[in-house]
Number of protein chains: 2
Amino acid sequence: MEKIIMEHGSGGRATGELIRTIFEDAFSNPVLSQMEDAAVIPGGAQIAMTTDSFVVTPLEFPGGDIGRLCVCGTVNDLLMRGATPKYMTCGFILEEGAEVALLKRLVQSMAQTAREAGVMVVAGDTKVIEGNGGIYINTTGVGIVPTDVDIKAANAKVGDKILVSGTMGDHHATILSSRMNIQNKIVSDNAPLNEMVLQLLEQGIKVHVLRDVTRGGLGTVLKELAQSSHCEFEVEQDLIPVSATVKDFCGLLGLDPLYMGNEGKLVAIVDPEDEAKALEIIRLARYGKDAVTIGTVTAEHPTGNVLLKTHIGGRRSIDILQGEGLPRIC
Amino acid sequence: MEKIIMEHGSGGRATGELIRTIFEDAFSNPVLSQMEDAAVIPGGAQIAMTTDSFVVTPLEFPGGDIGRLCVCGTVNDLLMRGATPKYMTCGFILEEGAEVALLKRLVQSMAQTAREAGVMVVAGDTKVIEGNGGIYINTTGVGIVPTDVDIKAANAKVGDKILVSGTMGDHHATILSSRMNIQNKIVSDNAPLNEMVLQLLEQGIKVHVLRDVTRGGLGTVLKELAQSSHCEFEVEQDLIPVSATVKDFCGLLGLDPLYMGNEGKLVAIVDPEDEAKALEIIRLARYGKDAVTIGTVTAEHPTGNVLLKTHIGGRRSIDILQGEGLPRIC
């Protein structure tokens with residue numbers, strides 16, 4: 001690894017290598033080393049903190065835009081630690097020539113999504129660089145975690161049920177359709193998942209793990225969670241929800257929805273006793289109507305293993321995304 | 001204003017216009033509307049939060065690099081609200097082709113500066129875009145503010161003394177020298193100002209306003225503070241410290257140190273009773289040996305006015321930076 005290549009942004013294997021070899025050692029501390037999407041910072045009042053830069057192209061796409069996307073991404077990362085999102089900052093890097101009318105729309109979209117998600121934008125920054133009118137946004141969020149909440153990637157237990165909150169691949173298929181100028185009915189699922197997560201917690205569901213399915217897709221998420229929890233997961237391919245339009249789109253292009261990112265879907269791993277109630281809560285919440293159980297935590301496993309029961313009856317181990325996925329998907 | 005131009009990144013008038021017309025309305029809330037460099041978020045335990053994106057070029061320069069710079073910028077913004085810096089996140093946008101060895105050096109430099117400044121890097125993100133090996137970093141910081149500390153731009157009072165912690169223009173002159181391939185002895189002042197600020201607070205100095213002097217330079221900072229406090233400031237040009245090498249450099253190129261940015265200098269506006277003690281504290285602290293008093297808050301003034309007594313005995317009002325200053329200085 002001498003030079004950065006697009007694959008380092010995939011969210012898969014190359015990204016992991018970059019993080020391990022460059023960042024983890026340098027900043028080594030117990031909070032960062034958990035490598036969660038949001039850090040929970042210990043103390044009297046626990047706060048969670050997360051950061052993401054957004055470089056999606058195009059900036060506007062069916063169902064959303066970079067403004068809505070960056071708020072959703074940040075809010076969802078906080079929610080995945082059981083935190084109530086409270087505050088966020090935004091840093092804009094603007095390329096010279098960026099359309100002010102476009103910037104205005106994007107900022108309005110951010111503001112509207114922040115209102116929906118109940119977060120307050122408390123600080124910002126703008127920088128301008130040479131270029132061709134591109135816009136990049138970094139958002140950082142802070143949330144409050146009740147001291148009795150402990151949701152993290154390492155907490156899956158044998159017997160737990162693995163739920164997803166809806167259809168896979170929608171955001172990826174939207175961005176790819178936009179770039180290829182393909183006309184279809186696919187829209188991005190970019191959405192803030194406050195309602196379903198906070199309802200799960202309020203109603204006392206024993207939630208062990210939450211993770212939003214973004215870059216790298218469901219396959220990458222499941223493998224990372226199995227590794228963190230040292231467990232084996234068994235998942236049925238036929239149970240993984242994919243909308244008919246996305247399924248057609250994937251068939252046409254030879255894409256696997258298992259490795260396609262979303263921006264408004266989550267994996268929840270819950271105590272088996274609470275499976276039915278958890279599903280009901282998620283289905284009643286905004287953005288959760290297609291929630292289903294897709295599998296079970298079947299055994300302990302030192303290095304983490306994810307078995308996919310395929311629809312022809314086979315069974316294969318799945319790994320995290322290799323190669324570059326879709327550059328600049330978020 | 002239809003398209004973004006480099007001047008929108010100056011930190012002066014055009015930046016202000018961009019913030020007011022695009023961002024302030026959209027995200028309107030009492031915390032953001034104070035337009036401080038760090039937001040203090042009310043609550044039982046007050047936290048301060050700040051964000052900055054760094055786009056400096058070149059990435060490495062005499063005395064520092066973008067890694068040291070981004071930590072200093074974030075830590076100093078927190079300190080300027082009287083907050084003790086605690087946690088930070090970093091978001092990297094990497095252009096394809098970026099040298100991994102360079103990235104490693106920059107990240108090591110960040111880590112070392114974070115240790116010096118006593119902040120823990122608790123979360124991060126990496127994205128990759130097309131390009132020519134450029135590296136952009138966003139850092140967001142969180143600090144803790146004691147509930148009895150109230151330091152903000154609006155707090156200058158008639159009679160207060162205006163102090164600066166050292167020589168002006170060093171960072172600006174360094175970046176410009178690097179870009180022009182001019183060989184000289186100027187080095188960037190990029191530094192975390194924890195020691196001087198926390199010592200001022202610990203020793204009970206009545207500090208009313210703190211502001212680090214970055215993009216836009218001392219002239220912009222003074223004018224903004226006078227506006228926020230509705231006061232008139234009187235400042236003596238001959239008292240403003242500028243190193244001999246920077247003075248020569250400015251003379252050669254026709255530059256005004258009053259509008260040249262630093263990355264490790266602050267303006268402190270303090271109760272006149274505490275002037276001597278405050279100066280002593282800053283001079284004894286790391287990075288503060290050249291601290292001096294440069295002026296006084298002389299009167300109330302509805303719209304804020306800064307009078308500069310020039311070295312030929314004249315007196316002129318100074319305004320915030322107009323035009324583009326030095327693009328990509330930070």
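Just so it is clear, the structure is predicted and the values come from calculations on it, not from any experiment. Throughout, protein chains are lettered first and strands after them, A, B, ... in sequence-line order, and every chain is numbered starting at 1.
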Next on the checklist: Between Arg328(B) and Glu130(A) (salt bridge meaning N to carboxylate O under 4.0 Å), is one present in this structure?
Outcome noted: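 The answer is yes: the pair qualifies as a salt bridge.
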[atom1] of [X] to [atom2] of [Y]: how many Å apart, nearest 0.5 Å?
X        : Y        : atom1 : atom2 : result
Lys86(B) : Ile47(A) : NZ    : CD1   : 11.0 Å
Ile5(B)  : Leu94(A) : CD1   : CG    : 12.0 Å
Met88(A) : Thr51(B) : CE    : OG1   : 9.5 Å

Checklist entry - Does atom CD of Gln112(B) have more than 12 heavy-atom neighbours, drawn from other residues, nucleotides or ligands, at distances under 6.0 Å? => result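 Open.
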Max heavy-atom pair count under 4.5 Å with chain B, selected residue of [options]:
options                                    : value
Val142(A), Thr50(A), Asp125(A)             : Asp125(A)
Glu99(A), Arg115(A), His8(A)               : Glu99(A)
Lys104(A), Gln108(A), Met110(A), Arg215(A) : Arg215(A)
Gly91(A), Ala98(A), Cys330(A)              : Ala98(A)
Gly97(A), Gly133(A), Cys90(A)              : Gly97(A)

Checklist entry - Which bit of Ala114(B) is near chain A, if near means a heavy-atom gap under 4.5 Å: side chain, backbone, both or neither? => result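 Interface part for Ala114(B): neither.
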Checklist entry - Tell me, side chain or backbone of Glu2(B) under 4.5 Å from chain A's heavy atoms, or both, or neither? => result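 Just the backbone, heavy atoms under 4.5 Å.
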Checklist entry - Side-chain contact, heavy-atom cut-off 4.5 Å: Thr89(B) with Met49(A)? => result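 SC-SC contact between Thr89(B) and Met49(A) confirmed.
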Item to check | Contact check, side chains of Thr139(B) and Asn138(A), non-hydrogen atoms, under 4.5 Å | outcome: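 SC-SC contact between Thr139(B) and Asn138(A) ruled out.
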Item to check | Pick from Ala101(B), Gly134(B), Ala111(B) with the largest number of heavy-atom pairs that fall under 4.5 Å of chain A | outcome: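 Max contact count across the listed options: Ala111(B).
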Next on the checklist: Whether the side chain of Lys127(A) engages the backbone of Ser53(B) through a donor-acceptor N/O pair (distance < 3.5 Å, no angle test) should be reported.
Outcome noted: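 Yes, Lys127(A) side chain to Ser53(B) backbone: donor-acceptor pair under 3.5 Å.
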Next on the checklist: Checking Glu96(A) against Ile4(B) for the side-chain contact (heavy atoms from CB on, under 4.5 Å) test, could you report, in this order, the C-alpha distance in whole Å, the side-chain angles of both residues, the deciding distance, and whether it holds?
Outcome noted: CA-CA 5 Å; Glu96(A) 204 173 18; Ile4(B) 298 298; 5.6 Å; no
Checklist entry - Given Tyr136(B) and Ile129(A), is the side-chain contact (heavy atoms from CB on, under 4.5 Å) satisfied, shown in steps? => result CA-CA 10 Å; Tyr136(B) 309 108; Ile129(A) 59 175; 3.4 Å; yes
